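Notes follow the structure.
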Number of protein chains: 2
Amino acid sequence: MVTINSAPGRGDAFDPECPTRVVLDRIGDKWTVLVIGSLVDGPLRFSALRARIGGVAPKVLTQTLRAMERDGLLTRTVHAQVPPRVDYELTPLGTSLTGPIATLTEWAETHLVRILTARDDYDTQAEAR
Amino acid sequence: MVTINSAPGRGDAFDPECPTRVVLDRIGDKWTVLVIGSLVDGPLRFSALRARIGGVAPKVLTQTLRAMERDGLLTRTVHAQVPPRVDYELTPLGTSLTGPIATLTEWAETHLVRILTARDDYDTQAEAR
DNA sequence: CAGCATCCGTTCTGATACTG
DNA sequence: CAGTATCAGAACGGATGCTG
């Protein structure tokens, strides 16, 4: 049994098992969303992922992939070959995350201009002082 | 004019103006979602917010609030009184963010158990080695 | 009351170089 | 090919003390 949301309606950012925190910690990460986006069309191997995303240090990519694997978002398949070949593929769970992400992206695209404008106003305001 | 999503379907995590990144950077922050959650029922003053959230250093809370104000998510109203009194209130923009957050929270609550189970499996697996 | 200044330990990040 | 090892720099988080 797992206790969910001990403080209903509020959430507890300290609780490492707070559902929202768990998810936010993962997709708040720069690389995770890019990995998901890169894998929606099908499995990819390490170097392909690396090339597709661009600018990722191998270490960081590995970290990201391991974290996602641990959370059951993707599978890591090692083929016993020389040279080695490792495929990464989204699990159904990982794929299902694309939904909420899309919602967020939509909101983001719709409201970005407002945010950017607000920033601009704020900054010129501050500048004036 | 603002260019949106220069690399359609993929997103560019490096572009500081990528809509998804802007939003993710904000709500990926531990405190932002708590602030939003605390303000949905109406405006609150600094100390009330602080008490409601619990465990926030004033500096960090200020940072969060400033960032949110800058993005137009909330307003900061200073009342000319002694002692000073400052009210924080969600803007319509800020309120509209509760939608996507709710979507995410729902997903999170639905799938948390799976994630936690996956972690457990992964960890015991690693432990066995 | 609201918050700024300061400081410090920790974490994160990425670059670079090397290996099974 | 698919990582691991190492390391320096930056960013962050938080505690403390002080002020308009």
Side-chain angles (χ1 to χ4, degrees), chain A residues 12-16 18 21-22 24-35 38-39 43-70 74-89 122 125-126 129, chain B residues 12-16 18 21-22 24-35 38-39 43-70 74-89 122 125-126 129:
Chain A
D12 181 0
F14 297 111
D15 181 1
C18 167
R21 267 265 56 77
V22 170
L24 247 25
D25 281 346
R26 191 63 54 236
I27 72 167
D29 177 48
K30 196 177 179 178
W31 305 111
T32 303
V33 304
L34 290 182
V35 168
S38 302
L39 290 181
L44 247 39
R45 39 198 306 195
F46 189 83
S47 37
L49 261 176
R50 211 186 143 185
R52 177 88 81 105
I53 292 177
V56 219
K59 189 189 83 174
V60 177
L61 183 54
T62 300
Q63 279 177 354
T64 306
L65 291 170
R66 285 301 199 288
M68 294 177 69
E69 187 196 3
R70 186 169 104 101
L74 53 76
T75 57
R76 176 172 174 272
T77 312
V78 183
H79 301 273
Q81 303 181 353
V82 178
R85 172 203 179 99
V86 180
D87 282 317
Y88 292 92
E89 181 170 16
Y122 186 94
Q125 207 79 359
R129 269 177 282 113
Chain B
D12 181 0
F14 298 111
D15 180 1
C18 167
R21 268 263 58 78
V22 170
L24 247 25
D25 282 346
R26 191 63 54 237
I27 71 168
D29 177 49
K30 195 176 178 179
W31 306 111
T32 303
V33 304
L34 290 182
V35 169
S38 302
L39 290 181
L44 246 40
R45 39 197 305 194
F46 190 84
S47 38
L49 261 175
R50 213 186 141 185
R52 178 88 81 103
I53 291 177
V56 220
K59 188 188 86 173
V60 177
L61 183 56
T62 301
Q63 279 176 355
T64 306
L65 291 170
R66 285 301 199 287
M68 294 176 69
E69 187 196 2
R70 187 169 105 99
L74 53 76
T75 57
R76 177 171 174 273
T77 313
V78 184
H79 300 274
Q81 302 181 354
V82 178
R85 172 201 178 98
V86 180
D87 281 318
Y88 293 92
E89 181 169 18
Y122 186 94
Q125 206 78 0
R129 267 179 282 116

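Just so it is clear, the structure is predicted and the values come from calculations on it, not from any experiment. Order of the sequence lines sets the chain letters (A, B, ...), proteins ahead of strands, with each chain counted from 1.
- A side-chain donor-acceptor contact under 3.5 Å links A:T32 to the backbone of A:R26.
- A sub-4.0 Å separation between OP1 or OP2 of D:dA2 and a side-chain N or O of A:R66 is absent.
- With a 4.5 Å cut-off on side-chain heavy atoms, B:P58 and B:R50 count as touching.
- A:L44 places its CG atom 14 Å from the C1' atom of D:dC1, with the value rounded to the nearest Å.
- Rounded to whole Å, atom P of D:dC12 lies 16 Å from atom CH2 of B:W31.
- Here the straight-line distance linking atom CZ of B:R45 with atom CZ of B:R85 works out to 4.5 Å at 0.5 Å rounding.
- The separation between A:K59 atom NZ and D:dT4 atom P is 11 Å, rounded to whole Å.
- Summarising the geometry, the separation between CG on B:D29 and C1' on D:dA11 is reported as 13 Å, rounded to the nearest angstrom.
- Whole-Å rounding puts the A:D25 CG to D:dG13 C1' distance at 14 Å.
- In the 5' to 3' direction, nucleotides of DNA chain C lying under 4.0 Å from heavy atoms of chain B begin and end at C:dC1 to C:dC7.
- The distance from atom CG of A:D87 to atom P of D:dC1 is 14 Å, rounded to the nearest whole Å.
- Between B:L34 and B:R52 there is no side-chain heavy-atom pair separated by less than 4.5 Å.
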Stepwise side-chain contact (heavy atoms from CB on, under 4.5 Å) check, A:F46 with A:L65: CA-CA 9 Å; A:F46 189 83; A:L65 291 170; 3.9 Å; yes
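- Heavy-atom nearest nucleotides on DNA chain D were determined for B:A57 and for A:V86, and the one closer to the 5' end corresponds to A:V86.
- Within the 4.0 Å cut-off from OP1 or OP2 of D:dG3, at least one side-chain nitrogen or oxygen of A:R76 is found.
- Distance B:Q63 CD to D:dG13 P: 7 Å, rounded to the nearest Å.
- Between B:K30 atom NZ and D:dG13 atom P the separation is 9 Å, expressed in whole Å.
- Residue A:P83 has its side chain nearest to D:dC1 when only D:dG13, D:dC1, D:dT6 are considered.
- Considering B:L49, B:V86, B:V35 as possible partners of B:L44, the one that fulfils the side-chain contact (heavy atoms from CB on, under 4.5 Å) test is B:L49.
- Within 4.0 Å (heavy atoms only), A:R50 reaches no atom of the nucleic acid at all.
- Within the 4.5 Å cutoff, the side chain of B:W31 has no heavy atoms near those of the B:Q63 side chain.
- Position along DNA chain C of the nearest nucleotide to A:P58 versus A:P84 favours A:P58 as the more 5'-ward residue.
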